[in-house]
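Let me begin by presenting the structure, written as structure tokens, before commenting on it.
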Amino acid sequence: MTAPPTFPAERTALAWRRTAIAAMGTAALFVNHAATSGWHPAAIGPALAALALLFLAGLSFVRHNTLHHGHWAHGSRVIAIATVAVVVVCAVAMVIGLTDPGKKEAFSTPTTSEIPARAGGGQ
């Protein structure tokens with residue numbers, strides 16, 4: 001028994017839908033980072049990354065619908081645009097990870113005055 005010829009297109013359409021969902025979730029994380037950092041000028045990068053991911057989500061949703069309705073050709077341009085968007089967002093995430101000032105505070109060693117005393121007088 002062989003599978004109908006539409007199964008590969010259906011799997012690809014579902015993969016584009018998963019890409020759209022993942023892009024929206026990641027965009028929400030970038031917006032959260034920009035909001036919790038106080039919307040200072042350094043938040044422009046995460047905000048633009050979120051916009052790029054929302055664009056990718058829309059593009060992925062459109063590609064899902066075109067595949068779902070049987071229009072299987074002309075995917076190379078969409079794939080190239082999606083690849084560029086993902087690479088740019090990854091570069092922004094790497095820059096944020098390397099330069100985020102909040103990261104230094106999270107990994108700093110506490111001084112003895114910041115360590116709470118133990119109850120009970122033990123060691």
**Complete:** Between the CG atom in Leu54 and the CE atom in Met24, the distance rounded to the nearest 0.5 Å is 8.5 Å
**Same apolar cluster (I L V M F W Y, side chains within < 4.5 Å links), Phe55/Val78** = yes
**Message:** Tell me the closest heavy-atom pair linking Ala93 and Phe30, and the distance in Å.
**Reply:** CB-CZ, 3.9 Å
**Asked** When rounded to the nearest 0.5 angstrom, what is the spacing between CG in Leu51 and CG in Leu56?
**Response** 12.5 Å
**Fill in**
Minimal heavy-atom distance between Ala82 and Leu59, with the atoms involved, is N-CD2, 4.3 Å
**CG-OG distance between Asn65 and Ser60, expressed to the nearest 0.5 angstrom** = 11.0 Å
**Hydrophobic cluster membership, Val31 vs Val95, 4.5 Å side-chain cutoff** = no
**Prompt:** Should Ile21 and Arg17 be marked as a side chain to side chain contact (heavy atoms under 4.5 Å, CB included) after you check the CA-CA gap, both sets of side-chain angles, and the distance that decides it?
**Reply:** CA-CA 6 Å; Ile21 292 168; Arg17 179 176 277 188; 4.2 Å; yes
**Prompt:** Is Val86 reachable from Ile96 through a run of I, L, V, M, F, W or Y residues, each pair having side-chain heavy atoms under 4.5 Å apart?
**Reply:** yes
**Message:** When you group the ILVMFWY residues by side-chain heavy-atom contacts below 4.5 Å and let the links chain together, are Ile44 and Leu53 in the same group?
**Reply:** no
**Request:** Measure from the side-chain N and O atoms of His64 to the backbone N and O of Ala13, and report whether any donor-acceptor pair falls under 3.5 Å.
**Result:** yes
**Message:** On a heavy-atom basis, which atom in Gly45 and which in Val92 lie closest, and how many Å separate them?
**Reply:** O-CG1, 3.7 Å
**N/O donor-acceptor pair under 3.5 Å between Thr26 side chain and Ala23 backbone** = no
**Message:** Tell me the closest heavy-atom pair linking Val89 and Ala49, and the distance in Å.
**Reply:** CG2-O, 3.8 Å
**Prompt:** Rounded to the nearest 0.5 Å, what separation is found between the CD1 atom of Ile79 and the CZ atom of Arg63?
**Reply:** 6.5 Å
**Prompt:** Thr19 versus Phe61: any side-chain heavy-atom pair under 4.5 Å?
**Reply:** no
